[in-house]
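Data block below; observations after.
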Amino acid sequence: MELREFCRRLPKVELHVHLLGAIRLDTLAEMAGRQGAGYTPEEVADLARRDAKPKGVLHILRALEQRILRGPEDLHRIAYEYLEDAAAQGVRHAEVFWNPTGTARDSGIAYAAGADAILAAFDDAKHDHGTSALLIPSIDREATPEEAAEMVGWMVAHRRDRIIGLGIDYRENDGPPEAFWKAYRAAKQAGFRLTAHAGEFGCHWRNVETAIDLLEVERIDHGYTVLDNAALARRCADRGIVFTVVPTNSYYLRTLPEDRWATDHPIRRMPGAGLLIHPNTDDPPLHRVDPERCWHMMVKDFGFDLDDLRRFMLNGIVGAFIPEDDKRGLAATFIAEYDRLRAELDHTT
């Protein structure tokens, strides 16, 4: 067995993946080419192009919301196909972000109809492939704080057991976390779990601090600039906050020199600061990544070893929004499978 096969078969959870960003490229092309969407095959290829210095994927997500999605059945298909692919890569549990504001405003898919379609896909994928999933509606930080509060109102009005928490994403540069404190306060009062994208685009470390202290999140998505404040990093380490990191993050691939990006990337230094990190795919087909490549990059590009991968594997369980009893059972299963895979890998190398 080679390292790539080890990384594919390694049991893992996925805590940082966006529903629309998980669309298969052939599904994107098919949906974009439907009558009325207005895209030629060449335009679709250009839309999904990822260069050596990649731009972010927000333009693709907006295109999906504004011109491509037709109805709840599209959300069902995207969710099911993502989980089908993830299951083949060792993912046993996934927590998926979905931005209902744009889906309702631009695609005309009401929150309840969209949520029920996604959850039905979760059920179908669990039956067919064995991977469980939870849904995390996320604030579109390019919309207004009032729209964010409205979205939380939808969550409260249409409670579903597997709609587990609230997140926030899209362009952090223009949407600081403090603008959305009312939505987070309402979600916490309603019993939802809390996470937030912060420190993603090289933004000031105070965004991580604000997400923790004002929004009261339980985990941080990205969070790289926490390293710019040693005291804050120590506090996060002491609290055991899990950081869901992304090896293929567009910002660092675009801004760091090609021959230095993996050496200088904050991911490399985060465990040394005592932080609990867990690698994720974010927008897998759009980033040209899958769970196997994601975890392989942690070794090949960032210099971590197999013992580190074991810790990262368990960090994912720590950070998951599942019951504590389930975490203990999952950890025992994962450790036993890791040990078996490790022995097989050691035997063949």
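Sequential numbering from 1 along the given sequence is applied to the chain's residues. Scope of the values below: all heavy atoms of this structure, side chains included, with no hydrogens, waters or symmetry mates.
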**Item:** Side-chain donor-acceptor contact under 3.5 Å, H158 with D116
**Value:** no
**Asked** Do E81 and R77 pass the salt bridge (Lys or Arg N to Asp or Glu O under 4.0 Å) test, and can you show the C-alpha distance, the side-chain angles, and the key distance before you say yes or no?
**Response** CA-CA 6 Å; E81 289 180 348; R77 178 178 176 181; 2.9 Å; yes
**Request:** Might you point out which heavy atoms bring Y111 and P100 nearest each other, and give the distance in Å?
**Result:** CD1-CB, 3.6 Å
**Message:** Quick one: does any side-chain atom of R92 pair with a main-chain N or O of T131 as donor and acceptor, under 3.5 Å?
**Reply:** no
**Asked** Which ILVMFWY residues are connected to L276, directly or by a chain of links, through side-chain heavy atoms under 4.5 Å apart?
**Response** V242, V318
**Item:** Min side-chain heavy-atom separation I168-P177 under 4.5 Å
**Value:** no
**Asked** If we only count heavy atoms from C-beta on, is the L28 to L64 side-chain gap below 4.5 Å?
**Response** yes
**Request:** Report yes or no: does K12 contribute a side-chain atom to a donor-acceptor pair with the main-chain N or O of F334 at less than 3.5 Å?
**Result:** no
**Request:** Determine the minimum heavy-atom distance between L134 and F321, stating which atoms define it.
**Result:** CD1-O, 3.3 Å
**Message:** Determine whether L83 and K126 satisfy the following criterion, side chain to side chain contact (heavy atoms under 4.5 Å, CB included), listing intermediate values before the conclusion.
**Reply:** CA-CA 8 Å; L83 289 171; K126 175 70 172 177; over 6 Å; no
**Prompt:** Do T27 and E30 pass the side-chain hydrogen bond (donor to acceptor under 3.5 Å, both in side chains) test, and can you show the C-alpha distance, the side-chain angles, and the key distance before you say yes or no?
**Reply:** CA-CA 5 Å; T27 299; E30 179 186 330; 5.5 Å; no
**Message:** Pair R105, E150 - check salt bridge (Lys or Arg N to Asp or Glu O under 4.0 Å), show working.
**Reply:** CA-CA 12 Å; R105 179 191 61 218; E150 179 185 37; over 6 Å; no
**Request:** Give me the one residue out of M297, M298, H296 that meets side chain to side chain contact (heavy atoms under 4.5 Å, CB included) with K300.
**Result:** H296
**Residues in salt bridge (charged side-chain N to carboxylate O under 4.0 Å, His left out) contact with E324, at least two apart in sequence or another chain** = K327
**Item:** Residues R311, D308: salt bridge by 4.0 Å N-O rule
**Value:** yes
**Request:** Give a yes or no on whether the backbone of F180 and the side-chain of K182 come within a donor-acceptor separation of less than 3.5 Å.
**Result:** no
**Item:** D228 bridged to R206 by N-O distance under 4.0 Å
**Value:** no
**Min side-chain heavy-atom separation D213-T210 under 4.5 Å** = no
**Asked** In this structure, which one of I60, I68, L286, L69 forms a side chain to side chain contact (heavy atoms under 4.5 Å, CB included) with L20?
**Response** L69
**Prompt:** Under 3.5 Å, is there a donor-acceptor pair between the side chain of E337 and the main chain of P11?
**Reply:** no
**Asked** Between R49 and D51, is the closest basic N to carboxylate O distance under 4.0 Å?
**Response** yes
**Prompt:** So, do L25 and P285 sit near enough that their side-chain heavy atoms are less than 4.5 Å apart?
**Reply:** yes
**Request:** Could you check E14 against T281 for side-chain hydrogen bond (donor to acceptor under 3.5 Å, both in side chains), going step by step and ending with a plain yes or no?
**Result:** CA-CA 8 Å; E14 181 102 317; T281 59; 2.2 Å; yes
**Message:** Please determine whether a side-chain nitrogen of the Lys or Arg among E344 and R340 lies less than 4.0 Å from a carboxylate oxygen of the Asp or Glu.
**Reply:** no
**Item:** Exercise: identify the closest heavy-atom pair between R342 and F6
**Value:** N-CE1, 3.7 Å
**Item:** L10 reachable from V91 in the ILVMFWY side-chain graph, under 4.5 Å edges
**Value:** no
**Prompt:** Under 3.5 Å, side chain of N229 to main-chain N/O of L232, donor-acceptor pair present?
**Reply:** yes
**Message:** I'd like to know if the side chain of D221 reaches the main chain of T244, judged simply by a donor and an acceptor atom lying under 3.5 Å from each other, with no hydrogens or angles considered.
**Reply:** no
**Prompt:** Any link between V289 and L253 through a network of hydrophobic side chains (Ile, Leu, Val, Met, Phe, Trp, Tyr) touching at under 4.5 Å?
**Reply:** no
**Item:** Sidechain N-carboxylate O distance under 4.0 Å for E95, R219
**Value:** yes
**Message:** Once ring pair (Phe, Tyr, Trp, His ring centres under 6.0 Å) is applied, do any residues pair with Y251, and if so which ones, sequence neighbours excluded?
**Reply:** none
**Message:** Is the shortest side-chain heavy-atom distance between H59 and L47 below 4.5 Å?
**Reply:** yes
**Message:** With a 3.5 Å distance limit and no angle check, can you tell me whether R235 reaches the backbone of A230 through a side-chain donor-acceptor pair?
**Reply:** no
**Side-chain heavy-atom pair L275, V226 within 4.5 angstrom cut-off** = yes
**Asked** Would D106 and R67 pass as an ion pair if we require N to O under 4.0 Å?
**Response** no
**Qualifying residues under ring pair (Phe, Tyr, Trp, His ring centres under 6.0 Å), relative to H129, sequence neighbours excluded** = Y80
**Message:** Using the rule ring-ring contact (aromatic ring centres under 6.0 Å, His included), only one of F243, F304, Y338 pairs with F312; which is it?
**Reply:** F304
**Asked** Does the side chain of P247 come within less than 4.5 Å of R293's, by heavy atoms?
**Response** no
**Sidechain N-carboxylate O distance under 4.0 Å for D169, R141** = no
**Request:** Apply the test side chain to side chain contact (heavy atoms under 4.5 Å, CB included) to residues R70 and M31: give CA-CA distance (whole Å), side-chain angles for both, the deciding distance (0.1 Å), then the verdict.
**Result:** CA-CA 9 Å; R70 288 275 186 85; M31 289 183 177; over 6 Å; no
**Request:** Show your reasoning for whether side chain to side chain contact (heavy atoms under 4.5 Å, CB included) applies to I164 and I136.
**Result:** CA-CA 6 Å; I164 195 65; I136 301 178; 3.8 Å; yes
**Request:** Give a yes or no on this: more than 12 heavy atoms of other residues, nucleotides or ligands lie within 6.0 Å of atom CG of D161.
**Result:** no
**Request:** State, yes or no, whether a side-chain contact exists between F122 and S132 at a heavy-atom distance under 4.5 Å.
**Result:** no
**Request:** Give a yes or no on whether a salt bridge exists between D74 and R34, defined as a side-chain N under 4.0 angstrom from a carboxylate O.
**Result:** yes
**Request:** For the pair D140 and R62, find out whether any cationic side-chain nitrogen is under 4.0 Å from an anionic carboxylate oxygen.
**Result:** yes
**Asked** Is there a donor-acceptor pair under 3.5 Å between the side chain of E200 and the backbone N or O of E172?
**Response** no
**Item:** Sequence-distant partners of F97, ring pair (Phe, Tyr, Trp, His ring centres under 6.0 Å), two or more places apart
**Value:** H16, H18, H197
**Request:** Would you list the pairs meeting ring-ring contact (aromatic ring centres under 6.0 Å, His included) in which at least one residue belongs to residues 256-290, sequence neighbours left out?
**Result:** Y224-H265, Y252-H265, W261-F302, H265-F302, H278-W295
**Asked** Which heavy atom of L227 sits nearest a heavy atom of A273, and at what distance?
**Response** CD2-CB, 3.8 Å
**Prompt:** Can you check whether T144's main-chain N or O pairs, donor with acceptor, with E147's side chain at less than 3.5 Å?
**Reply:** yes
**Message:** For the backbone of I109 and the side chain of T103, can you confirm whether one donor and one acceptor N or O come within less than 3.5 Å of each other?
**Reply:** no
**Message:** Pair N99, S138 - check side-chain hydrogen bond (donor to acceptor under 3.5 Å, both in side chains), show working.
**Reply:** CA-CA 5 Å; N99 294 89; S138 296; 5.0 Å; no
**Prompt:** Which heavy atom in I118 sits nearest to a heavy atom in A79, and how many Å separate them?
**Reply:** CG2-CB, 4.2 Å
**Message:** If I compare all heavy atoms of V152 with all of A187, which pair ends up nearest, and what's the gap?
**Reply:** CG1-N, 3.8 Å
